A.B. asks: 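Here's a structure for you.
What you see is a predicted model; the values in this text were computed from it and never measured. Chain naming here is simple, since letters A, B, ... match the order of the sequence lines and numbering starts at 1 in each.
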Amino acid sequence: MTQRWIMRGFDAALLACALLAVLGSALLAGGATVPDWLLPTTLLGGTALALARRRPPAPPLDPTTAPPRRWAIVLLALLALATFALMVYGSLATPSRQWDGAVAWDLKARFLTDAPTLQQPFFDDRGVLHHSRDYPLLQPLLVALVERTCGGGRVVLAASWLLACAAVFLAALRRGAPLLRAAMLALAFGTTPTLVTSSSGGVDSGYADFLLATWMTVAGAGIAARDRLWITLGVTLMVLTKPEGLPYAWALLAAAWLTASRAVLLPTAIGLVIGAATLLPLQHRLLHPDQPTLTWTVALAALAPSVLALGSDTVVRRIGGATLRRGLGVGALLLVVLVLPWMLERTGNAKGSLARYLLLGPELFARLDRLPAFALALGEYSLLHGSFALTLPLLALAWWQRRGRRDADGSLGLWLALLLPLWLVTFLASDIELSRHLRSRLPRLLIHGCGAAWIYVLTAWPRRDLTSADAVAQRDD
Amino acid sequence: MSTVDQQRSATPTGARVLRWLPWLILAHLLWGAARLPGKALGRRVDEIERYRRDGAEHWFLDRGGYGGADVITWIRDNTPERCVLLWDGQRLGAMEFAAALLAPRLFVRAEPDGDERTEYAGLPIATGSRDGAQGRIVLHAASDRLTLELR
């Protein structure tokens with residue numbers, strides 16, 4: 001019973017965030033002012049939709065599992081409460097105390113708090129100094145609307161921690177994990193040192209990296225829990241949070257396609273279309289406020305990856321053959337490399353944060369000598385500094401346990417693996433001195449995948465599927 | 001449970017991995033929890049106190065090895081919030097903090113051959129007087145410091 005209401009609360013929060021993200025971004029891109037009533041309206045809308053949602057019954061607990069020790073659950077609940085209180089304190093005590101939080105995200109939130117519209121010189125005048133001009137505006141908009149409604153807008157940062165932990169907890173429960181294991185997994189993820197210490201990229205640092213990680217965790221939770229809505233909303237929200245969100249969503253689409261997981265492919269494709277169709281006009285407006293949006297190319301860029309993935313998946317399923325799928329995958333990759341720079345140019349984002357990487361093309365291959373340094377740094381920052389504690393060994397063990405298993409969870413593992421080449425491109429494309437860049441950027445990139453990695457860890461335990469008797473019993477209940 | 005799962009759990013290695021995982025998760029949780037009082041709470045309280053005591057400009061610029069925190073303080077004390085400040089030099093580095101710390105003041109690049117503008121985007125270009133000099137305030141951003149000039 002309690003689990004059902006926690007699940008509904010989680011659904012409501014997700015739906016409200018997604019409604020606000022899409023409507024708010026669309027209003028901003030259209031040059032309108034985001035009304036203050038949008039926040040309470042989307043909260044009500046999200047709650048109504050969550051209450052109306054029919055969800056499949058959760059698998060019952062394993063009857064062989066011992067009942068949870070109450071003292072352990074109470075202890076974990078107290079630890080969760082204390083950590084959340086610490087995040088709230090860190091978020092509200094001062095504005096951002098770390099670099100990007102102050103110079104990019106807080107600054108955008110400050111101007112949107114004064115007037116939630118792009119029709120002001122800070123956004124609309126290219127002559128005004130504005131760092132990371134085309135970054136998506138979900139986090140600043142959320143902070144601004146909460147600030148305007150009740151003050152304390154930065155509490156959004158702490159709330160995202162709660163949401164990410166809830167995603168891990170609920171995904172574990174939906175797979176039939178015992179309560180104690182689900183709570184331990186959620187809190188182990190939530191207390192990962194790099195997330196809760198006051199460093200760059202941490203929960204209350206003001207960076208958008210953790211918010212992006214939250215949505216990736218939600219998408220991962222959707223895969224593990226077979227919840228298509230979570231996947232769709234997670235993907236949409238990650239696209240609207242940081243520029244990296246769009247390539248991460250493409251990577252998930254590719255992973256679902258390559259693992260032939262239709263249950264992941266379809267919701268990812270839908271989330272990607274909604275996210276990209278909202279983001280691309282907004283980015284165009286931020287970069288070129290004086291030019292009209294190029295509607296057909298934006299629509300094409302938003303639709304093309306999803307339509308191609310779904311269409312080709314249908315064809316390959318009919319014809320059959322893993323070899324054909326792999327061959328088409330390589331072809332699609334080449335197509336993306338060749339077509340995407342042109343596509344971005346046509347959507348007016350040729351000088352945007354994403355195109356900067358894509359337009360380099362062959363230059364990236366000439367810089368592949370940076371690969372060993374990247375690999376070493378990857379090991380160093382994920383393992384040696386203690387920032388991620390035992391996340392990597394746990395991930396490796398989960399992979400070992402799951403090898404050979406062919407199910408939808410495989411797309412989650414492949415998605416995590418595909419993040420690596422995307423991160424590598426970041427360092428190949430940049431002109432910043434490599435060791436300095438790796439030191440400042442790589443730990444934050446690792447944060448993006450941290451929650452999804454914890455979801456993958458929980459898939460090491462096989463999912464307890466409902467028997468028909470269980471389903472009937474739960475429905476009657 | 002799928003056939004593969006049943007086979008995996010039945011093998012000694014598979015069963016051993018599943019037995020080990022909860023202990024490793026507990027170890028990770030204890031590791032994180034042990035750092036909460038010192039690294040998470042203690043360090044955070046200390047940082048917040050220093051931020052409040054020194055002010056945002058000293059917190060960011062002094063800590064990052066940039067000079068010019070006093071320039072930020074002076075501009076904040078001597079210009080209205082709704083104005084435009086002229087600047088030149090490097091966009092990345094110290095200048096990023098200037099734009100953040102002096103918001104909602106806007107920054108516009110100074111014309112290289114002298115700037116005669118008195119307003120920009122409907123806002124006045126900031127002027128001031130300091131050390132006997134008077135004129136438009138121009139912020140110079142070098143790689144390691146911010147300096148001020150009145151033109």
Side-chain angles (χ1 to χ4, degrees), chain A residues 76 79 82-83 86 89-90 93-97 99-100 102-104 106-107 110-111 114 120-122 124-125 127-131 181 184-185 187-193 195-198 204 386 389-391 393-394 397-398 400-407 457 460-465, chain B residues 1-2 4-9 13-14 17-18 20-22 24-41 43-52 56 59-60 63-64 84-85 87 91-92 95-101 103-104 106-109 120-123:
Chain A
L76 288 174
L79 184 59
T83 313
L86 186 58
Y89 168 65
T94 65
S96 290
R97 300 179 296 279
W99 191 309
D100 276 17
V103 307
D106 270 17
L107 193 56
R110 164 86 194 249
F111 281 97
D114 288 348
Q120 51 179 314
F122 180 70
D124 252 1
D125 191 324
V128 172
L129 183 66
H130 183 166
H131 289 288
R181 189 200 297 157
M184 264 179 60
L185 274 160
L187 206 54
F189 155 64
T191 54
T192 299
L195 306 182
V196 292
T197 50
S198 58
D204 63 346
L390 297 177
T391 304
L394 281 161
L397 267 181
W400 175 262
Q401 175 67 14
R402 285 189 40 81
R403 71 198 190 286
R405 213 194 283 175
R406 296 194 181 280
D407 53 18
V457 169
W461 283 276
R463 186 170 187 270
R464 270 180 55 74
D465 287 318
Chain B
M1 211 186 268
S2 71
V4 173
D5 293 331
Q6 285 169 345
Q7 286 169 352
R8 179 74 41 73
S9 301
T13 318
V17 168
L18 283 187
W20 269 82
L21 268 177
L24 275 177
I25 291 166
L26 181 65
H28 179 100
L29 176 58
L30 292 175
W31 184 334
R35 287 169 66 111
L36 282 178
K39 299 261 181 183
L41 178 63
R43 208 172 99 182
R44 194 173 261 106
V45 169
D46 181 49
E47 284 181 357
I48 288 167
E49 272 176 12
R50 272 193 294 146
Y51 183 99
R52 286 175 175 164
W59 168 262
F60 284 114
R63 219 169 55 131
V84 171
L85 289 153
W87 73 283
R91 191 174 68 90
L92 297 178
M95 192 59 211
E96 295 178 66
F97 293 115
L101 296 168
L106 301 175
F107 280 87
V108 173
R109 263 203 190 272
Y120 186 93
L123 293 167

A.B. asks: Go through B/Leu21, B/Val84, B/Leu92 and name the one with the most non-hydrogen pairs under 4.5 angstrom from chain A.
C.D. replies: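 Top option by heavy-atom pairs under 4.5 Å: B/Leu21.
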A.B. asks: Side chain, backbone, both or neither: which part of B/Arg35 has a non-hydrogen atom closer than 4.5 Å to chain A?
C.D. replies: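 Answer is side chain: those atoms of B/Arg35 sit under 4.5 Å from chain A.
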A.B. asks: Carefully, step by step, assess A/Leu76 and B/Leu29 under the rule side chain to side chain contact (heavy atoms under 4.5 Å, CB included).
C.D. replies: CA-CA 10 Å; A/Leu76 288 174; B/Leu29 176 58; 3.6 Å; yes
A.B. asks: With a 4.5 angstrom heavy-atom cut-off, could you sort out which part of A/Leu195 is near chain B: side chain, backbone, both or neither?
C.D. replies: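 Contact with chain B involves no heavy atom of A/Leu195 at all.
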A.B. asks: So which part of B/Leu26 gets closer than 4.5 Å to some heavy atom of chain A, the side chain, the backbone, both or neither?
C.D. replies: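 Contact with chain A is through both the backbone and side chain of B/Leu26.
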A.B. asks: Using a cut-off of under 4.5 Å on heavy-atom pairs, state which of A/Ala104, A/Pro95, A/Ala82, A/Ala188 scores highest against chain B.
C.D. replies: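 Greatest number of close heavy-atom pairs with chain B: A/Ala188.
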A.B. asks: What part of A/Leu86 gets within 4.5 angstrom of chain B, counting heavy atoms only: side chain, backbone, both, or neither?
C.D. replies: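 Answer is both: backbone and side chain atoms of A/Leu86 are under 4.5 Å from chain B.
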A.B. asks: Tell me which of these, A/Ala102, A/Pro193, A/Pro121, has more heavy-atom pairs under 4.5 Å with chain B than the rest.
C.D. replies: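 Between A/Ala102, A/Pro193, A/Pro121, the count favours A/Pro193.
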A.B. asks: Select one option (side chain, backbone, both, neither) describing which atoms of B/Arg91 are under 4.5 Å from chain A's heavy atoms.
C.D. replies: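 Contact with chain A is through both the backbone and side chain of B/Arg91.
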A.B. asks: Measuring from atom CG of B/Leu24 to atom CG of A/Leu397, what distance do you get when rounded to the nearest 0.5 angstrom?
C.D. replies: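 Rounded to the nearest 0.5 Å, the CG-CG separation comes to 6.0 Å.
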A.B. asks: Chain B heavy atoms under 4.5 Å from A/Leu129: which part of the residue, side chain, backbone, both or neither?
C.D. replies: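 It is both, since atoms from each part get that close.
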A.B. asks: To the nearest 0.5 Å, what is the distance between OG1 on A/Thr94 and CZ on B/Arg50?
C.D. replies: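 With rounding to 0.5 Å, OG1 (A/Thr94) is 12.0 Å from CZ (B/Arg50).
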A.B. asks: Against chain B, label A/Thr83 side chain, backbone, both or neither, depending on which of its atoms sit under 4.5 Å from a heavy atom there.
C.D. replies: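 When you check distances to chain B, only side chain atoms of A/Thr83 fall under 4.5 Å.
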A.B. asks: As an exercise: rank B/Trp59, B/Trp87, B/Phe107, B/Tyr51 by heavy-atom pairs under 4.5 Å with chain A and give me the winner.
C.D. replies: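 With the most close heavy-atom pairs to chain A, the winner is B/Tyr51.
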A.B. asks: To the closest 0.5 Å, what do you measure between OG1 (A/Thr197) and CG (B/Leu41)?
C.D. replies: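 Between atom OG1 of A/Thr197 and atom CG of B/Leu41 there are 12.5 Å.
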A.B. asks: Name the region of A/Asp106, side chain, backbone, both or neither, that has any atom closer than 4.5 Å to a heavy atom of chain B.
C.D. replies: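 Neither; nothing under 4.5 Å.
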A.B. asks: For a quick test of reading the model, state the closest non-hydrogen atom pair linking B/Ala33 to A/Leu79 and the distance between them.
C.D. replies: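 Scanning both residues, the minimum pair turns out to be CB-CD2, 4.1 Å.
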A.B. asks: Go through A/Trp99 and B/Glu96 one step at a time and tell me if the side chain to side chain contact (heavy atoms under 4.5 Å, CB included) criterion holds.
C.D. replies: CA-CA 9 Å; A/Trp99 191 309; B/Glu96 295 178 66; 3.1 Å; yes
A.B. asks: So A/Val128 and B/Tyr120, side chain to side chain contact (heavy atoms under 4.5 Å, CB included) or not? Walk me through it.
C.D. replies: CA-CA 10 Å; A/Val128 172; B/Tyr120 186 93; 4.0 Å; yes
A.B. asks: Heavy-atom distance under 4.5 Å to chain B: side chain of A/Phe122, backbone, both or neither?
C.D. replies: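 Contact with chain B involves both backbone and side-chain atoms of A/Phe122.
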A.B. asks: Go through the atoms of B/Val45 and report whether side chain, backbone, both or neither lie under 4.5 Å from a heavy atom of chain A.
C.D. replies: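 The answer is both parts of B/Val45.
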A.B. asks: What part of A/Arg110 gets closer than 4.5 Å to chain B, counting heavy atoms only: side chain, backbone, both or neither?
C.D. replies: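 Answer is side chain: those atoms of A/Arg110 sit under 4.5 Å from chain B.
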A.B. asks: Any side-chain heavy-atom pair from A/Phe111 and B/Leu106 closer than 4.5 angstrom?
C.D. replies: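 Touching, per the 4.5 Å side-chain cut-off.
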A.B. asks: I need the minimum non-hydrogen distance between B/Leu18 and A/Ala460, along with the two atoms involved.
C.D. replies: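 Reported closest heavy-atom pair: CD2-O, 3.8 Å.
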A.B. asks: Apply salt bridge (charged side-chain N to carboxylate O under 4.0 Å, His left out) to B/Arg109 and list each qualifying residue two or more places apart in sequence or on a separate chain.
C.D. replies: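 B/Arg109 satisfies salt bridge (charged side-chain N to carboxylate O under 4.0 Å, His left out) with no residue once adjacent residues are dropped.
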A.B. asks: Would you mind telling me which of B/Met95, B/Glu47, B/Arg63, B/Lys39 has the largest number of heavy-atom pairs within less than 4.5 Å of chain A?
C.D. replies: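 The residue among B/Met95, B/Glu47, B/Arg63, B/Lys39 with the greatest pair count is B/Glu47.
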A.B. asks: Could you walk me through whether B/Trp31 and A/Thr192 pass the side chain to side chain contact (heavy atoms under 4.5 Å, CB included) check?
C.D. replies: CA-CA 8 Å; B/Trp31 184 334; A/Thr192 299; over 6 Å; no
A.B. asks: Looking only at heavy atoms, what is the nearest atom pair of B/Pro104 and A/Asp114, with distance?
C.D. replies: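 Residues B/Pro104 and A/Asp114, closest heavy atoms: CB-OD2, 4.3 Å.
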A.B. asks: Give me the atom names and distance for the closest heavy-atom approach of B/Ala40 to A/Val196.
C.D. replies: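 Closest pair (atom of B/Ala40, atom of A/Val196, distance): CB-O, 3.7 Å.
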A.B. asks: Check whether any side-chain N or O of B/His28 sits under 3.5 Å from a backbone N or O of A/Leu390 as a donor-acceptor pair, and report yes or no.
C.D. replies: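 Yes, the answer is positive, given that a donor and an acceptor are paired below the 3.5 Å cut-off.
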A.B. asks: Taking only residues two or more places apart in sequence or in another chain, which ones pass ring pair (Phe, Tyr, Trp, His ring centres under 6.0 Å) with B/Phe60?
C.D. replies: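 For B/Phe60 the ring pair (Phe, Tyr, Trp, His ring centres under 6.0 Å) partners, ignoring immediate neighbours, are B/Phe97.
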A.B. asks: Measure distances from A/Asp124 to the heavy atoms of chain B and classify the residue's part below 4.5 Å as side chain, backbone, both or neither.
C.D. replies: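 Neither part.
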